[in-house]
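Encoded as structure tokens, the structure appears first; notes follow it.
What you see is a predicted model; the values in this text were computed from it and never measured. This chain uses plain numbering: 1 for the first residue, then up along the sequence.
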Amino acid sequence: MSRDSRRIELREFLRSRRARVSPADVGMPAGGRRRTPGLRREEVAVLAGVGVSWYTWLEQGRDIKVSEEVLDAIARVLLLDVAEHAHLYRLAGLNAPEISARPSVAPSPEVQRLLDSWSPRPGYVRDRHWNFTAVNDAARVVFGYGDDDHNCLVSFFTNARYRVLHRHWAETAADVAAAFRADAARYPDDGEFERIAADLAAVSPEFAELWERHDAAEHTHAVKAVDHPEAGTLVFDATLLPLPEHPGHHLILHNPRPGTDTQLRVEALMRQPSLVVPHPG
């Protein structure tokens with residue numbers, strides 16, 4: 001979007017949001033009949049604590065400087081939701097505000113259905129601390145996750161079966177530790193990351209050594225190769241997808257690698273009823 005078109009969009013956006021907010025919505029008396037719906041410009045300005053002329057210029061799309069504090073005040077008056085608040089920032093030429101990551105929550109019914117329907121391909125959901133919030137049957141069978149596996153990072157370094165299955169465990173370990181450190185840096189006031197790392201370092205010398213390197217890296221895609229005792233070699237493309245409705249949570253889906261027979265092997269594996277056992281939700 002060009003600068004001029006962004007100003008036009010900002011003008012129309014503010015007008016449309018102002019028109020949908022009634023005086024009663026913001027605790028003001030109706031003040032009699034109005035020629036146009038919604039709040040007046042001067043009312044928005046007063047409620048947001050800015051000058052009437054300045055707000056008029058903003059709504060007209062003039063080239064004026066705006067601050068995050070003023071945009072936050074306008075967003076509050078216009079009753080903008082999270083997505084609209086971020087949209088206002090972008091139209092004003094500022095970076096959208098960071099959305100605080102939510103505590104660990106169960107996936108929405110829609111995500112849970114997607115995860116279930118993704119089988120026989122492995123998939124799971126993890127929160128910002130890499131705790132599992134949902135794991136489908138294929139991930140349990142293919143990667144060896146059991147009832148004692150509650151955290152993706154901890155399981156990587158302490159689940160003996162996963163370590164044996166993972167063909168490139170040693171080569172991948174450094175990337176895993178670096179990715180966790182990068183995620184921890186997103187939440188500098190969250191001590192849970194350091195607690196998880198400290199507890200894991202106490203039982204895993206490999207992790208302790210890697211953690212001391214202070215490497216940081218971000219990964220949204222990886223290739224996982226598994227030497228499964230029943231299915232043979234399985235190779236997956238793993239993709240990490242953020243869940244906007246639960247900031248900090250990610251859906252990790254594994255797709256059979258093209259050019260391999262992984263799809264056929266994993267389908268046959270998941271048809272073995274003795275390997276798939278019911279687990280609590």
Side-chain heavy atoms under 4.5 angstrom apart, residues restricted to Ile, Leu, Val, Met, Phe, Trp, Tyr: same cluster for [X] and [Y]?
X: Val141; Y: Phe236; value: yes
X: Met270; Y: Leu114; value: no
X: Ile74; Y: Met28; value: yes
X: Trp130; Y: Leu243; value: no
X: Val164; Y: Phe156; value: no

Which residue pairs satisfy the salt bridge (Lys or Arg N to Asp or Glu O under 4.0 Å) criterion with at least one member in residues 151-172, sequence neighbours excluded?
->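 Qualifying pairs: Arg163-Glu206, Arg167-Asp227.
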I'd like to check the salt bridge (Lys or Arg N to Asp or Glu O under 4.0 Å) partners of [X]; sequence neighbours left out, ordered by chain and number.
X: Asp183; answer: Arg186
X: Arg181; answer: none
X: Asp261; answer: Arg265
X: Glu12; answer: Arg15

Would you please test Thr220 and Thr239 for side-chain contact (heavy atoms from CB on, under 4.5 Å) and show each step?
-> CA-CA 6 Å; Thr220 59; Thr239 302; over 6 Å; no
Please give me the minimum heavy-atom distance between [X] and [Y], naming the atom from each residue.
X: Glu59; Y: Arg11; answer: O-CG, 2.7 Å
X: Val226; Y: Val142; answer: CG1-O, 3.7 Å
X: His228; Y: Leu165; answer: CA-CD2, 3.9 Å
X: Ala48; Y: Arg76; answer: CA-NH2, 4.3 Å
X: Tyr145; Y: Ala139; answer: CD1-O, 3.7 Å
X: Phe207; Y: Ala201; answer: CD2-N, 3.7 Å

From [atom1] ([X]) to [atom2] ([Y]), nearest 0.5 Å:
X: Tyr55; Y: Gln60; atom1: OH; atom2: CD; value: 11.0 Å
X: Asp63; Y: Leu58; atom1: CG; atom2: CG; value: 11.5 Å
X: Asn136; Y: Trp118; atom1: CG; atom2: CH2; value: 10.0 Å
X: Arg18; Y: Phe13; atom1: CZ; atom2: CZ; value: 13.0 Å
X: Leu88; Y: Leu94; atom1: CG; atom2: CG; value: 8.5 Å
X: Leu251; Y: Thr133; atom1: CG; atom2: OG1; value: 9.0 Å

Does the ring centre of Trp169 sit less than 6.0 Å away from the ring centre of Tyr162?
->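 Here the rings of Trp169 and Tyr162 have centres that are no less than 6.0 Å from each other.
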Can you list the steps and then say if Glu43 with Arg40 is a salt bridge (Lys or Arg N to Asp or Glu O under 4.0 Å)?
-> CA-CA 5 Å; Glu43 291 170 337; Arg40 300 186 178 99; 3.3 Å; yes
Pick out which of Thr172, Val176, Asp175 makes a side-chain contact (heavy atoms from CB on, under 4.5 Å) with His219.
-> Asp175
Give the intermediate values and the outcome of side-chain contact (heavy atoms from CB on, under 4.5 Å) for residues Glu267 and Leu264.
-> CA-CA 5 Å; Glu267 287 175 355; Leu264 296 176; 4.2 Å; yes
Going by heavy atoms in the side chains, are [X] and [Y] under 4.5 Å from each other?
X: Val52; Y: Arg41; result: no
X: Arg17; Y: Leu14; result: no
X: Gln272; Y: Leu269; result: yes
X: Leu39; Y: Val77; result: yes

Partner residues of [X] under the side chain to side chain donor-acceptor pair (under 3.5 Å) criterion, sequence neighbours left out:
X: Asp72; value: His85, Tyr89
X: Glu209; value: none
X: Asp148; value: none
X: Arg121; value: Asn255

Side-chain donor/acceptor of [X] to backbone N/O of [Y], under 3.5 Å:
X: His129; Y: Asn131; answer: no
X: Ser119; Y: Asp116; answer: no
X: Ser204; Y: Leu200; answer: no

Report the residues that fulfil side chain to side chain contact (heavy atoms under 4.5 Å, CB included) with Ile252, sequence neighbours left out, ordered by chain and then residue number.
-> Tyr124, Arg126, Leu240, His250, His254
For Val223, what residues pass the side chain to side chain contact (heavy atoms under 4.5 Å, CB included) criterion, not counting sequence neighbours?
-> His221, Val235, Asp237, Arg257
Could you please spell out the steps behind the side-chain contact (heavy atoms from CB on, under 4.5 Å) verdict for Val135 and Phe143?
-> CA-CA 11 Å; Val135 181; Phe143 300 134; over 6 Å; no
Give a yes or no on whether a salt bridge exists between Asp190 and Arg128, defined as a side-chain N under 4.0 angstrom from a carboxylate O.
-> yes
Before giving the answer on side-chain contact (heavy atoms from CB on, under 4.5 Å), spell out for Phe132 and Val125 the whole-Å C-alpha distance, their side-chain angles and the decisive distance to 0.1 Å.
-> CA-CA 6 Å; Phe132 292 118; Val125 179; over 6 Å; no
On the 0 to 90° scale, with breaks at 30° and 60°, tag the Phe180-Trp211 ring pair as parallel, tilted or perpendicular.
-> tilted
Side-chain donor-acceptor distances from residues 191-198 under 3.5 Å, at least two apart:
| residue | atom | partner | partner atom | Å |
| --- | --- | --- | --- | --- |
| Glu192 | OE1 | Arg195 | NE | 3.0 |
| Glu192 | OE2 | Arg195 | NE | 3.1 |
| Glu192 | OE2 | Arg195 | NH2 | 2.6 |
| Arg195 | NH1 | Asp199 | OD2 | 2.6 |

